[in-house]
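Hydrogens, waters and symmetry mates are skipped; everything else that's a heavy atom, side chains included, is used. Chain letters run A, B, ... following the sequence lines, proteins first and then strands; every chain starts at 1.
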Amino acid sequence: MATILSLKDAVARNIHDGDSIAFEGFTHLIPHAAAHEVIRQGRKDLTVMRMTPDIIYDQLIGMGCVKKMIFAFAGNPGVGLLRRLRDSVENGWPHRIELEEHSHAAMANAYEAGAAGLPCAVFRGYRGVDLPKVNANIKTLTCPFTGEELAAVPSLRPDVAVIHALKADRKGNVFLEGITGVQKEAVLAAKRSIVTVEDIVDDLGPVSSNATVLPRWTVTAVAKVPGGAHPSYAQGYYPRDNAFYIAWDAISADRDRFQAWMRDNVLNAGPDVFAERVSSRNSAHLEPTA
Amino acid sequence: MATILSLKDAVARNIHDGDSIAFEGFTHLIPHAAAHEVIRQGRKDLTVMRMTPDIIYDQLIGMGCVKKMIFAFAGNPGVGLLRRLRDSVENGWPHRIELEEHSHAAMANAYEAGAAGLPCAVFRGYRGVDLPKVNANIKTLTCPFTGEELAAVPSLRPDVAVIHALKADRKGNVFLEGITGVQKEAVLAAKRSIVTVEDIVDDLGPVSSNATVLPRWTVTAVAKVPGGAHPSYAQGYYPRDNAFYIAWDAISADRDRFQAWMRDNVLNAGPDVFAERVSSRNSAHLEPTA
Amino acid sequence: MSDFTPSEMMTIAAARALSNDDVCFVGIGAPSAACNLARLTHAPDITLIYESGTIGTAPDVLPLSIGDGELCDTALTTVSVPEMFRYWLQGGRITVGFLGGAQIDRFGNLNTTVVGDYNTPKVRLPGGGGAPEIAISSDEVFITMKQSLRGFVDKLDFVTSFGHGAGPDDRANAGITTKGPTRLITDLAVWRPDPATREFTVTSLHPGVSRRDIEDTVGWTPKFADSVEETPAPTSEELTVLRDIHARTRAAHTGT
Amino acid sequence: MSDFTPSEMMTIAAARALSNDDVCFVGIGAPSAACNLARLTHAPDITLIYESGTIGTAPDVLPLSIGDGELCDTALTTVSVPEMFRYWLQGGRITVGFLGGAQIDRFGNLNTTVVGDYNTPKVRLPGGGGAPEIAISSDEVFITMKQSLRGFVDKLDFVTSFGHGAGPDDRANAGITTKGPTRLITDLAVWRPDPATREFTVTSLHPGVSRRDIEDTVGWTPKFADSVEETPAPTSEELTVLRDIHARTRAAHTGT
């Protein structure tokens, strides 16, 4: 049953050293503020999973929080490679993380299977490629009706799912819209969940009868963090800060510069800085629609 | 690519004797007008599938259109048994149909697997029960990671899916909302599809970005039939005619009365009668909201 | 005290078994009345789910079907039916599944498929619908049925949904990890599974019901708990709320 | 005629290969520019799908990521990512999947995973993302890449997505029923698979490009079709529309 908490308390109560965590958000609604709180609280030995580990995981990895990463596409979208990830994998800085690598289809199906309470996901995939040779968690099974061989991967069932949503009501029912990615599946697949939201309102308002709503009893903690997705975006609130994604390439290229940025913007900051970041960028040309 | 046709032409071009057909709609949006057109055009030897064969299939069976039925719950919801179905199964009138019986979970998963292009659906089901003893299309497979034995059924991939939706635009993009059941899955799983709609509009209007929309290139034929779901309902247009469902019990109890009703209301009628049925019931207290 | 019907007592006893924190997978008929009665009396925050996809629904009248428009209009959200069965039922999010049937045996196994032989049935019943998986995926199952010799049988003609099989290990042997039927609420009594044998045992008789009434309406020799209680009679609030729902429902369904 | 870059020619040649009836699974970079150029010129009704879930999208500027808000704002509808991979890609509804990569071999197999050994890579590339299943579930695959000795290699370090394996039967042997890569569109030429061997063969050289230019930029001895055509130079409409998109995009992404 959802409890409405500060982000600090939500992370302190629900994320522990050694947990497996899915910070999800498919370009839209990436929970940056929550990841920064995890870094600030010094969590270690995390197994992190994410279809598209972009800046958010580059930061977690560079700050030494991560033991293992389950992923499908690790890049700064449209910009290039992830330099902190590369430094870990290629040079062991700050330490070498373990990788479990899948395709997008596999991970999307694995979250779906996790939400559906199944032990594995079954799909048509991985034919002719090398990934099954280096990942023991890719197996096959045979359709008992047609004999077709299908791919199977274990379902993803993290200890904690962390997402950013548009809004919640005061009971803790959570609403998201637009590119919803695998967030609903991640929350339903997880043992616990933390949802940061742009706003907490009396009533979710006149949403579609088929809106993506996570009932309060599927969510563990809700924290209001306006701007909490920045540099990702929140549909109807603020756009993607593409310029920051481009700028990250240079910030992350150098260990010292990376550490200085993290010190100034994460370790010595708090969740409140996110509201400032999006308001200074967008107030002139974007009105929240919700 | 969707073609906008009369219902008569849509059925004549797309439904043939011997076809397998899913008329879907889970209490909401059941395509009664389209089924009546199929009966009127005298189609025979159909394999019909439907999670909840209620009045619509009682009528098709009683009129001798059906060779085989794949189903999970055959009842007049909240009222009782299906008397035309019983007369076929228990007494062979007008002939004995073949039954392939599943659970709701199995059929929902089988449509989902059909839409997903898979040969079978995998789920946790049918444990301890007798249905697998009488249905050879219920098998098992084993999770290669945990060893758990899971149920498998063939995916449902009908020749034709027939649904009723709220509206389409002039290009043939189809919108539905509310209780959407398995209709999207049925259309995506089928080789061809017929969609009757309450209205055809210039633009689907300000619907949610995650609205249930079937793009025109996933639909074969669209026909405007206002009221075409009656006695089922169309959210925002007219409510379920519960009194008719109750009345059907008596109409269908007797072969002669059933045949007279079908003659007067189906064989000697046309799709236009549906608009009258819902307008006479509802104009006083229901404004279409769309 | 005598101013209530056995059917009302059954619904009210079922409603009392539900709590504010429950997430119920509701069937049509007595379960729907019981769940909504609970919501309108002692459990205002109970979550009601109908398999048509409506989550957190709060209908003003009882639906005739499991997918009446009223359910969607008042729901927190409505999902597709494949999602309902995958994420919500199979996903293990239902605390109480409600079932009934044409036939029940002493272990809470149910038949809603056929009377007689499967291939040449005497009566072709509707079939299982959601029941086979509600019975294995809900944390626990409540069954409501009116007692009769035709319905409470020594041996089912067909096992549509699994209860406790024939004893304490049968669910585990079938690979089922949930509790199964924990209450059988009839028009005459409340039954609970014997902790050792899993056979349904009368734990509470409704007001005015005798042991003989029970024995006369089940097709086996019924067991009674060591101490059988009397079910508290309906309160006037329970009766008023229940009758109001039924009156609103009748008016809505007959179109008057 | 000389007033265009090789990169522009590549994008324009790719756009021309698309038709009004296509349903394209669009990747970022050159594919996104090509697909939107096609939409804004000869194929206004083309359906563009990005794997973030946006179906029938029509962005005014090119997205930097596959999930920019612009894609959702202009889409017919947006679905969840599991649905995108299950119903839309695996469901067989994509006519053209667009791929690129860090390395390609002569059979259109692609590597976007590692340079060097998998466990001790020289360069850790992003990984496959959607590519492994785009390569097997789309009706056909178009590949766009700039030619270079580093990218056009004799042997891949890692097979991230499958093309034609090493010859005509390899797709079928791997259980794949779709056509696979049917066009390779580079900054220098258009290549198509040899009908017999499935090896990519140059069928059209872009204006001003020589066979020697091709040979100097691929790590194997390239094959040429019996009759190699010259790719028609970009029309002024094509160039104007493409440059307008890029200008709008640059302005949007740098926040100016």
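Side-chain contact, D/Thr186 with D/Gln147: a donor N or O sits under 3.5 Å from an acceptor N or O. Checked by atom type, the side-chain pair D/Gln90/A/Asn109 shows no donor-acceptor distance below 3.5 Å. Looking at A/Thr180 and D/Ser80, their side chains never bring a donor and an acceptor atom within 3.5 Å of each other. Remark: the A/Trp248 side chain and the A/Asp58 side chain contain an N/O donor-acceptor pair separated by less than 3.5 Å. A donor atom on one side chain and an acceptor atom on the other are not found under 3.5 Å apart for A/His164 and A/Gln183. Using modelled atom types, one finds no donor on one side chain facing an acceptor on the other under 3.5 Å when comparing D/Ser52 with A/Thr27.
A 4.5 Å side-chain heavy-atom check between A/Phe244 and A/Arg277 finds every atom pair outside the cut-off. Annotation: side chain of D/Phe25 is not in contact with side chain of D/Phe98 (no heavy-atom distance under 4.5 Å). In this structure, the side chains of D/Leu37 and D/Val241 come closer than 4.5 Å at one or more pairs of heavy atoms. In this structure the side chain of A/Phe26 reaches within 4.5 angstrom of the side chain of D/Ile66, judged on heavy atoms.
With respect to chain D, the highest number of heavy-atom pairs below 4.5 Å among A/Gly78, A/Gly181, A/Gly178, A/Gly75 belongs to A/Gly181. Note on A/Gly80, A/Ala247, A/Ala72: by heavy-atom pairs under 4.5 Å with chain D, the leading option is A/Ala72. With respect to chain A, the highest number of heavy-atom pairs below 4.5 Å among D/Ser161, D/Gly69, D/Ala174 belongs to D/Gly69.
Without hydrogens or angle criteria, D/Thr78 side chain to D/Thr54 main chain gives no donor-acceptor distance under 3.5 Å.
Ring centroids of A/Tyr238 and A/Tyr233 are separated by 6.0 Å or more, keeping the two rings apart.
D/Phe162 touches chain A through backbone and side chain together, each having a heavy atom under 4.5 Å away. For chain A, the nearby parts of D/Glu51 are the backbone and the side chain; heavy atoms of each come within less than 4.5 Å. Looking at A/Leu81, the atoms closer than 4.5 Å to chain D (heavy atoms on both sides) all sit in the side chain, from C-beta outward.
Atom CZ of D/Arg248 is surrounded by more than 12 heavy atoms from other residues, nucleotides or ligands within 6.0 Å.
Relative to the ring axis of D/Phe200, D/Arg192 does not place its NZ or CZ within 45° and under 6.0 Å from the centre. A cation-pi contact, defined as under 6.0 Å to the ring centre and within 45° of the axis, links A/Arg240 to A/Tyr245.
Residues of residues 117-136 of chain D lying under 4.5 angstrom from chain A, judged on non-hydrogen atoms, are D/Tyr118, D/Pro121, D/Lys122, D/Val123, D/Arg124, D/Leu125, D/Pro126, D/Gly127, D/Gly128, D/Gly129, D/Gly130, D/Pro132, D/Glu133, D/Ile136 in numerical order. Residues of residues 90-108 of chain A having a heavy atom under 4.5 Å from any heavy atom of chain D, listed by number: A/Glu90, A/Leu99, A/Glu101, A/Ser103, A/His104, A/Ala105, A/Ala108. Close approach to chain D, defined as a heavy atom under 4.5 Å from one of its heavy atoms, is seen in A/Val122, A/Phe123, A/Arg124, A/Gly125, A/Tyr126, A/Arg127, A/Gly128, A/Val129 of residues 122-129 of chain A, taken by number. Of all residues in residues 131-139 of chain A, those placing a non-hydrogen atom less than 4.5 angstrom from a non-hydrogen atom of chain D are A/Leu131, A/Val134.
Under 4.0 Å is where a charged nitrogen must lie from a carboxylate oxygen, and between D/Asp139 and D/Lys179 no such pair does. Under a 4.0 Å N-O distance rule, the pair A/Asp249/A/Arg83 qualifies as a salt bridge.
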Go through D/Asn109 and D/Gln103 one step at a time and tell me if the side chain to side chain donor-acceptor pair (under 3.5 Å) criterion holds. CA-CA 8 Å; D/Asn109 307 297; D/Gln103 292 182 337; over 6 Å; no

Take D/His164 and D/Asp170 through the side chain to side chain donor-acceptor pair (under 3.5 Å) test and state the conclusion after the steps. CA-CA 6 Å; D/His164 297 288; D/Asp170 284 6; over 6 Å; no

